[in-house]
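Below: the structure, in structure tokens.
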Amino acid sequence: MRILVIEDDPVLANGLSVGLRLAGFSPEALGCLADARAALAADDGTFGAVVLDIGLPDGEGTALLAQMRDAGDRRPVLLLSARDRVADRIAGLDLGADDYLGKPFDLDELAARLRALLRRNEGRARPFLEWNGLIARLDTMTGEYRGTPVKFSP
Ligand code: CA
């Protein structure tokens with residue numbers, strides 16, 4: 001699953017990329033709103049979710065969020081911000097963000113929240129599909145059939 005990461009701090013962006021890759025995602029990190037707008041405009045829907053910093057060099061991440069929602073883009077957006085105040089959380093969520101993490105945050109928690117957002121976006125409350133003894137875990141592309149492990153191709 002491709003994840004668009006918009007974060008201007010190069011150390012944090014690199015940490016996010018490494019952490020999300022380890023969690024099984026394919027992150028693409030960009031550092032400003034202009035690059036993010038270009039990437040989203042050129043994307044044919046392959047980004048499954050967006051991790052969006054609020055404080056960016058060319059504006060507020062929330063402006064991009066508002067633009068996405070105005071354009072009917074319903075992809076999950078998780079906001080990141082050092083301004084971990086209740087008012088910022090409320091403003092971000094009211095603009096259409098799906099979740100919010102204040103910096104500093106735990107990378108494992110970010111990955112788990114992304115998985116939860118993606119499940120919810122796909123209309124699945126559980127992290128797996130089950131049919132007639134076959135269980136498919138779509139986040140890890142593994143599963144089992146009547147207790148025997150099964151591996152799926154992409
Ligand atoms: Ca920033």
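Start at 1 and go down the list; that is how both ligands and their atoms are numbered.
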Any Lys/Arg nitrogen of Arg69 or Asp98 sitting under 4.0 Å from an Asp/Glu carboxylate oxygen of the other? yes
Find, among atoms of Asp53 that are N, O or S, the one nearest to the Ca ion (ligand 1), and state its name.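 Distance check against the Ca ion (ligand 1) picks out OD2 in Asp53.
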Going by distance alone, is a donor N or O of one side chain under 3.5 Å from an acceptor N or O of the other, for Asn14 and Ser17?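 On atom types as modelled, these side chains do not qualify, holding no pair under 3.5 Å.
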Heavy atoms from other residues, nucleotides or ligands near CZ of Arg2 exceed 12 (cutoff 6.0 Å):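 Atom CZ in Arg2 is crowded, with more than 12 foreign heavy atoms closer than 6.0 Å.
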Has [X] got an N, O or S atom lying less than 3.0 Å from the Ca ion (ligand 1)?
{"X": "Asp9", "answer": "no"}
{"X": "Gly55", "answer": "yes"}
{"X": "Asp8", "answer": "yes"}

Side-chain contact, heavy-atom cut-off 4.5 Å: Leu4 with Leu52?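 Counting from C-beta outward, Leu4 and Leu52 never come under 4.5 Å.
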